[in-house]
Asks: 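Take a look at the following structure, please.
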Amino acid sequence: MSKAGALDLASGVGGKIDKTEVLSAVEKYEKYHVCYGGEEEARKSNYTDMVNKYYDLVTSFYEYGWGESFHFAPRWKGESLRESIKRHEHFLALQLGLKPGQKVLDVGCGIGGPLREIARFSSASITGLNNNEYQITRGKELNRIVGVDKTCNFVKADFMKLPFPENSFDAVYAIEATCHAPDAYGCYKEIYRVLKPGQCFAAYEWCMTDAFDPNNQEHQKIKAEIEIGDGLPDIRLTGKCLEALKQAGFEVIWENDLAVDSPQSWYLPLDKSRISFSSFRLTAVGRFITKNMVKALEFVGLAPPGSQRVQDFLEKAAEGLVEGGKREIFTPMYFFLARKPLSESQ
């Protein structure tokens, strides 16, 4: 059961950051990004600090708006956002062929919403890897509540330097997480190392599509809004992810942008022109209410100074995501299923 109330949101802003230092953390985070004069190389070389600050600042907002699973999903007509998110997670488990007792790694697990859902769906034992202490604390608490704490655990580590021996896992997956990696090849190579031969890695990646024009200023503005609002050092093209997978040694079984054939647009929950009662907090009206609530809570001292600034860059992200989706230059669900060969010579 995820935090849902206004006071929970307010008390959670900043995560493990001292509440008196939240505003300073916001300012430092913003300076990494293009909108504030930041450079891509600085984001990549300082990705650990940037991504940690991001998730300390935004996790309580994510829980308040999204629940426990911080990701998008293709959606059928008549399907609620929550139902589509669960189906998206089940699809991943089915693609990997997860079975009871298998040892699985979730790379960049957030507070563990997908981990818990997939563990209950497949009866696999899942290790969630995360480099953010606050999210791990929340994840452990939520694991205990639903009773998967005996078969699922969390490890605090950087996914560019996985703390596991070679050939440790029966399957590995990542849900909208490895987009935070400064280098796709380096991240995928580490996943390749810890995956058992003959087994598979599946992921949903955030990517710019082939329709993205780097010389188009409006396209660059949308990309920059998504980067600051979602803690990204850069957003790779789908082709670059595919190239990095093959370079790391994987055999790509299949890959596709699942946004293309989605019956309903993935960005609908954030689209200001739509209203939804099942995901009201994500709608324009819901976000307006949240913004003013955060402003009031900060004014009376229940939310730390800087909370409104966090809300502002999350709103900027929502606008960038919707525009990126409408123009089909961005996707949050470039899917691939890749296999580690049984032998290096294959």
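Throughout, residue positions are numbered sequentially from 1 according to the sequence presented.
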Asks: Between the side chain of Ser262 and the main-chain N/O of Arg75, is any donor-acceptor distance below 3.5 Å?
Replies: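 Pair found, side chain donor or acceptor close to backbone of Arg75.
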Asks: Give a yes-or-no answer on whether the side chains of Tyr47 and Asp158 include a donor-acceptor pair shorter than 3.5 Å.
Replies: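 Yes, side-chain donor-acceptor contact under 3.5 Å.
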Asks: Distance under 6.0 Å and angle within 45° of the ring axis: does Lys16 meet both against Tyr134?
Replies: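 No; the conditions do not both hold, so Lys16 does not lie above the ring face of Tyr134.
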Asks: Under a plain distance cut-off of 3.5 Å, with no hydrogens placed, do Ser69 and Glu89 share a side-chain donor-acceptor pair?
Replies: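 The answer is yes; a qualifying pair exists.
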Asks: Would Tyr55 and Asn131 count as having a side-chain donor-acceptor pair, cut-off 3.5 Å?
Replies: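 Short answer, no.
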Asks: What orientation do Tyr62 and Tyr54 show, parallel under 30°, tilted 30 to 60°, or perpendicular over 60°?
Replies: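 Because their plane-to-plane angle is over 60°, the rings of Tyr62 and Tyr54 count as perpendicular.
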Asks: Ignoring hydrogens, what is the shortest heavy-atom contact between Met333 and Phe72? Give both atom names and the distance.
Replies: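 The pair with the smallest heavy-atom distance is CE-CB, 4.0 Å.
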Asks: Does atom NZ of Lys156 have more than 12 heavy-atom neighbours, drawn from other residues, nucleotides or ligands, at distances under 6.0 Å?
Replies: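 Counting other residues, nucleotides and ligands, NZ of Lys156 exceeds 12 neighbours.
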Asks: Is the backbone of Glu251 close enough, under 3.5 Å, to the side chain of Arg339 for a donor and an acceptor to pair up by distance?
Replies: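 No, because the side chain of Arg339 does not come within donor-acceptor range (under 3.5 Å) of the backbone of Glu251.
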Asks: As a test of understanding, state which of Phe201, Tyr173, Tyr204, Trp254 forms a ring-ring contact (aromatic ring centres under 6.0 Å, His included) with Phe336.
Replies: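 Only one of Phe201, Tyr173, Tyr204, Trp254 forms a ring-ring contact (aromatic ring centres under 6.0 Å, His included) with Phe336, namely Phe201.
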Asks: If you count the non-hydrogen atoms of other residues, nucleotides and ligands that lie under 6.0 Å from CZ in Arg120, is the total more than 12?
Replies: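 Atom CZ in Arg120 is packed in, count exceeds 12.
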Asks: Would the number of heavy atoms belonging to other residues, nucleotides or ligands and lying under 6.0 Å from CG of Asn216 be above 12?
Replies: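 Yes, CG of Asn216 has more than 12 neighbouring heavy atoms, counting only those of other groups under 6.0 Å.
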Asks: Do the charged groups of Asp49 and Lys53 touch, with an N to O distance under 4.0 Å?
Replies: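 Between Lys53 and Asp49 there is a salt bridge, with a charged N closer than 4.0 Å to a carboxylate O.
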Asks: Kindly say whether the aromatic ring centers of Tyr188 and Phe250 come within a distance under 6.0 Å.
Replies: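 They do not qualify: ring centres at least 6.0 Å apart.
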Asks: Tell me whether the count of non-hydrogen atoms from other residues, nucleotides or ligands lying under 6.0 Å of CD in Glu328 goes above 12.
Replies: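 Not buried by this count: 12 neighbours or fewer within 6.0 Å.
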Asks: Surrounding CD of Glu39 (heavy atoms of other residues, nucleotides or ligands, distance under 6.0 Å), is the total greater than 12?
Replies: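 Counting other residues, nucleotides and ligands, CD of Glu39 stays at 12 neighbours or fewer.
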Asks: Can you confirm whether the side chains of Thr59 and Gln135 place a donor and an acceptor under 3.5 Å from each other?
Replies: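 Checked: Thr59/Gln135 side chains pair up, N/O donor to acceptor below 3.5 Å.
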